[in-house]
Amino acid sequence: MSPVADFLIGVLVVCLLASGRCADLPTGTFGVDCLDRYFRLGFDTTFTGEDVRFEAVDDTGVHPITEQYAAECGYSVNVRPHLGFAELRASYFSCTALNEDDETFTFSFNMIVTQDGVEETYDVNKTCTLALPWSSRELNCEVNYMELTMRKDVHFPGTKGAHWTSAVDNVYGLAHDDWQVLFQKGDQQFSPITLSTAEENGYTISMTRGRYVFRMPYGQPDSTVTLVDGVTVDTVHATLFTRKGWTVLVVDLLAACPMSDGFYNDSSLVWLNPLETGETDQQSQRLRIGANGQLLEPVEAAARGYNMEVFGSQVQVTIPFDAVGGYKKSFVQHNIYSEYYLFNMYFENQFIDVNQMDTRLRQYRPLVSPLLSWPKICINQTVLSEHTFTVYIGVFAEDVQLTALMLTGREYIGDVMNANISEVFHPNFTHGYTLGMRFNHPIVPMELSEEGILQYTLDMNFTLSIMPAMVESFYHHATVVAVFKDVFPPIFEAHCYEKGISFKLDLGPFAYLWAVYAGPYPLTEVFAMEQGYHLINTSEGQILNVPLFSTGYIYKNIGMKTFEATFEILVRGLKSLKVKGTTVKTCQFATTELIVCSPKGHVTIVANMSAIPSAGDPYRISLLNRTCGAKESDKSSALFTFGVQTCGTKVKLTNDFVVYENEVVFEPKILTEKGPPRLAMEAPERITVQCAYHLSGLYRLFQLHKFVSDYAGVGSIRHDPHFVQQKMAFDGNDPAAAPLLNVSIAEEIMADKPTKYSKVVYFLKDLVTARFHP
Ligand SMILES: *[C@@H]1O[C@H](CO)[C@@H](O)[C@H](O)[C@H]1NC(C)=O
Ligand SMILES: *[C@@H]1O[C@H](CO)[C@@H](O)[C@H](O)[C@H]1NC(C)=O
Ligand SMILES: *[C@@H]1O[C@H](CO)[C@@H](O)[C@H](O)[C@H]1NC(C)=O
Ligand SMILES: *[C@@H]1O[C@H](CO)[C@@H](O)[C@H](O)[C@H]1NC(C)=O
Ligand SMILES: *[C@@H]1O[C@H](CO)[C@@H](O)[C@H](O)[C@H]1NC(C)=O
Ligand SMILES: *[C@@H]1O[C@H](CO)[C@@H](O)[C@H](O)[C@H]1NC(C)=O
Ligand SMILES: *[C@@H]1O[C@H](CO)[C@@H](O)[C@H](O)[C@H]1NC(C)=O
Ligand SMILES: *[C@@H]1O[C@H](CO)[C@@H](O)[C@H](O)[C@H]1NC(C)=O
Ligand SMILES: *[C@@H]1O[C@H](CO)[C@@H](O)[C@H](O)[C@H]1NC(C)=O
Ligand SMILES: *[C@@H]1O[C@H](CO)[C@@H](O)[C@H](O)[C@H]1NC(C)=O
């Protein structure tokens, strides 16, 4: 029957709730069992605390179960708070058990639990019925006492050794009506004593309906301690006798209990036990092992991994540390983690003894390993080329769990941790953890020196707790580093092609250290697409083709025939975003038509003038302000440079851009000598040039009233053929020449994006107002 079920019948029912003596016992934590030879109350100290004591109750009163009383009267109390395990065992022949015909035994105990200074008493009553018939002779080697019982009605012929014979000779002379007992210790014989004297000396000698009961603590003055096969054996030899008329009744009581403690190696508890202690010549031995007072059939024992082998007169039992039936406990002391193991060995040897009596010898031996300190291993399994820290920590027993992890001083639990901590199970029921952490993970501190030494450091503090209570924890702190040499920012191969510059973006093995920027912009696929760059993945890495005139170019030495274009790629530290390296490529290109709008507001134009017959003459070419002539010109083209705020440049505001517009103006040379032309004149085409600057880069224009843009402007040259050029020459007093500011658009913008553009709009409004109303 399961302990829980027994508990329900045995304890809950008898609980005296009404009296206030008894509180509800936590269900499932108590078990009341009738085992073969004793009554057992088992409980979980997690619920009772360690301060538990018992009283045995019978007709004569209440008897506190002290150590001495327990050993004399057949009780064993075993409280192991560290293991959460505790029990009270009471022999069927214990002093207060109510014995009916050696068949039915009724027990009554008070269990007194003290928690937080409050005492609580529980009644435990239980009646057990013998399930396994008594053998003629039984010896129970309990933890704290020896108990020998013998059937009263067995007689056998005296074929004893010399000691016995002399004892019998002795008792014949000494016997009288009362029972007396005579102890022997080796060759020594003491004077017979009465049973009450024996009782005063710690012995219990009683007679039940069918049996003699002889019980004593270990280590009595009359006991003989011998070594048998290296194991201490405690032997008490007594002769019980009485005279009834002409008959002298002599009972030979021989109790010999081996006290094998066993030893341990790194995986098992090993118990060596002598089989022949008191009596030699045992016949038809039957050996069985079990745990916690319950014997198992050999098949069951083997299934649990218990192993039993007989070597000569010894039996060797091996119990693996993790076998069912044992108790294992991990401990933490001074941050050192260790474990111990308890196995309550139960062993039975059934045999026919020298007197042809069937004998049953049972031993209850708790086998305890010492504190085994576990090797706390932290192994750096990092492989540099994987660019990932790999750290193994172990080896832990099953009840040890990783409960917290600090990485570089930060608590690191949750999803990310789950992804990077894996539990490693070993076949010997131990486990460990492997932590994987990419070098470039944001929390890993990184240092890259000018000399190209790259160092990653991972500082770990593992907290491990002992389950299930998690009260005890220990930690392990470790730091791993990974060092690379010769780590420098990449410099890209670049070459010029007809329409632009091409870069081979090979970032090398430390790609994750760097961020590639085109000017102020991170070079992403989206950005490249927006700018018209061609970012191509090839088998050898990424290729970036930057067509001429796309964003990011800087133009220099712009001439009528050639100009130079420079494109710069920056490599920044991914974390710091500091510029670590630059790849600059300048190429010379043939000039066709071009317009360059610099961030400083300088406009450079090379305009295709082939539509103008004989560009130099008879026309004079200029911008809207006719004092702004071409810097260079020939038959087919003309080069101008001007500032966006000069040469009659008109300003327009669109939703997102400030557009500066100017025109290439033709006029007969002759007229220019005498002031501005007043007449419309025919020209083969109109050439409009525009620079559009995005508003977002122009805040300084509106703060400082000085043209500086964060970005270059976008230029365009438009040829409108057969255009009749109107009076275009610029005159400062002519309202028509004022910048083309559309106030209603400005207001719209202001309503739409008041914060972003309000300053701009106010400024422009002022500008407009000033121009219109000087
Ligand atoms: C348990 O046994 C004791 C002693 O025999 C008795 O006083 C008590 O009433 C019993 N409790 C119950 C609930 O039967
Ligand atoms: C521990 O003892 C058992 C039983 O003797 C044996 O099988 C096992 O190999 C031993 N282990 C070690 C590591 O010695
Ligand atoms: C269990 O196995 C692990 C891994 O093989 C080993 O490191 C550890 O020492 C073993 N522990 C015991 C108690 O055998
Ligand atoms: C987690 O660890 C694995 C290797 O065990 C690694 O590949 C992965 O990048 C790590 N993830 C993070 C977020 O560090
Ligand atoms: C590691 O964590 C433990 C427990 O939180 C703490 O006591 C200890 O000081 C930490 N060690 C280091 C080096 O941070
Ligand atoms: C850990 O392993 C890496 C890679 O093998 C090595 O560079 C480093 O020195 C090792 N030791 C520590 C303490 O990090
Ligand atoms: C090109 O390669 C990069 C990594 O090298 C990758 O992130 C990107 O998705 C690839 N693009 C295409 C279009 O395959
Ligand atoms: C200039 O324009 C003419 C047509 O007006 C065209 O034929 C010529 O190719 C252009 N030259 C350049 C360099 O673009
Ligand atoms: C035309 O430009 C010249 C030189 O920059 C300047 O002095 C003159 O004032 C400008 N004319 C007008 C009308 O702004
Ligand atoms: C200003 O812009 C608005 C809205 O786009 C337009 O309706 C209006 O005609 C423009 N005014 C001038 C003077 O261009």
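Each ligand, and each atom within it, is numbered from 1 in the order the structure gives. Throughout, numbering of the chain's residues begins at 1 and tracks the sequence.
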Q: Evaluate the ring planes of Phe707 and Tyr693, with Trp represented by its six-membered ring, and classify them as parallel (under 30°), tilted (30 to 60°) or perpendicular (over 60°).
A: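 Ring orientation of Phe707 relative to Tyr693: perpendicular.
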List ligand 5's nitrogen or oxygen atoms that come under 3.5 Å of a protein nitrogen or oxygen, with the partner atom and distance.
residue	atom	partner	partner atom	Å
ligand 5	2 (O)	Asn461	OD1	3.3
ligand 5	2 (O)	Asn461	ND2	2.4
ligand 5	11 (N)	Asn461	ND2	2.8
ligand 5	14 (O)	Asn461	ND2	3.3

Q.
Quick check: Tyr660 with Phe642 (ring centres under 6.0 Å apart)?
A.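 That pair fails the under 6.0 Å test.
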Q: Decide if the gap between the ring center of Tyr337 and the ring center of Phe474 is smaller than 6.0 angstrom.
A: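 They qualify: ring centres under 6.0 Å apart.
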Q: Please list, chain by chain and in numerical order, all residues satisfying side chain to side chain donor-acceptor pair (under 3.5 Å) with Asn557, sequence neighbours excluded.
A: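 Per chain and number, Asn557 pairs via side chain to side chain donor-acceptor pair (under 3.5 Å) with Glu564.
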Q | Atoms of ligand 6, numbered as shown, that sit under 4.0 Å from any heavy atom of Val480 | A |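 Answer, ordered by atom number: 14 (O).
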Q: Given ring-ring contact (aromatic ring centres under 6.0 Å, His included), test His387 with Phe484 step by step and report yes or no.
A: CA-CA 10 Å; His387 294 259; Phe484 293 97; 5.3 Å; yes
Q: Decide ring-ring contact (aromatic ring centres under 6.0 Å, His included) for Tyr533 and Phe567; before the verdict, give the C-alpha distance in whole Å, the side-chain angles of both, and the deciding distance to 0.1 Å.
A: CA-CA 12 Å; Tyr533 303 166; Phe567 198 87; 5.7 Å; yes
Q: List for me each residue that meets side chain to side chain contact (heavy atoms under 4.5 Å, CB included) alongside Tyr433, sequence neighbours excluded, and say none if there are none.
A: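 Testing Tyr433 for side chain to side chain contact (heavy atoms under 4.5 Å, CB included), a comparison that skips the adjacent residues, returns Ile393, Phe396, Gln401, Leu402, Ile421, Glu423, His431, Leu464.
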(Q) Please enumerate all residues that pass salt bridge (charged side-chain N to carboxylate O under 4.0 Å, His left out) together with Lys504, with sequence neighbours excluded. (A)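 Expected list: Glu540.
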Q: Report yes if Val481 has an N/O atom closer than 3.5 Å to an N/O atom of ligand 6; otherwise report no.
A: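 Yes, since at least one N or O of Val481 sits under 3.5 Å from an N or O of ligand 6.
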(Q) Please classify the Asn380 to ligand 6 contact at 4.0 Å (heavy-atom distances, strictly less than): side chain, backbone, both or neither. (A)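 Looking at Asn380 and ligand 6, just side chain atoms fall under 4.0 Å.
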(Q) Does ligand 8 come near enough to Asn608 that some N or O of the ligand is less than 3.5 Å from an N or O of the residue? (A)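 Indeed, backbone or side chain, Asn608 has an N or O that close.
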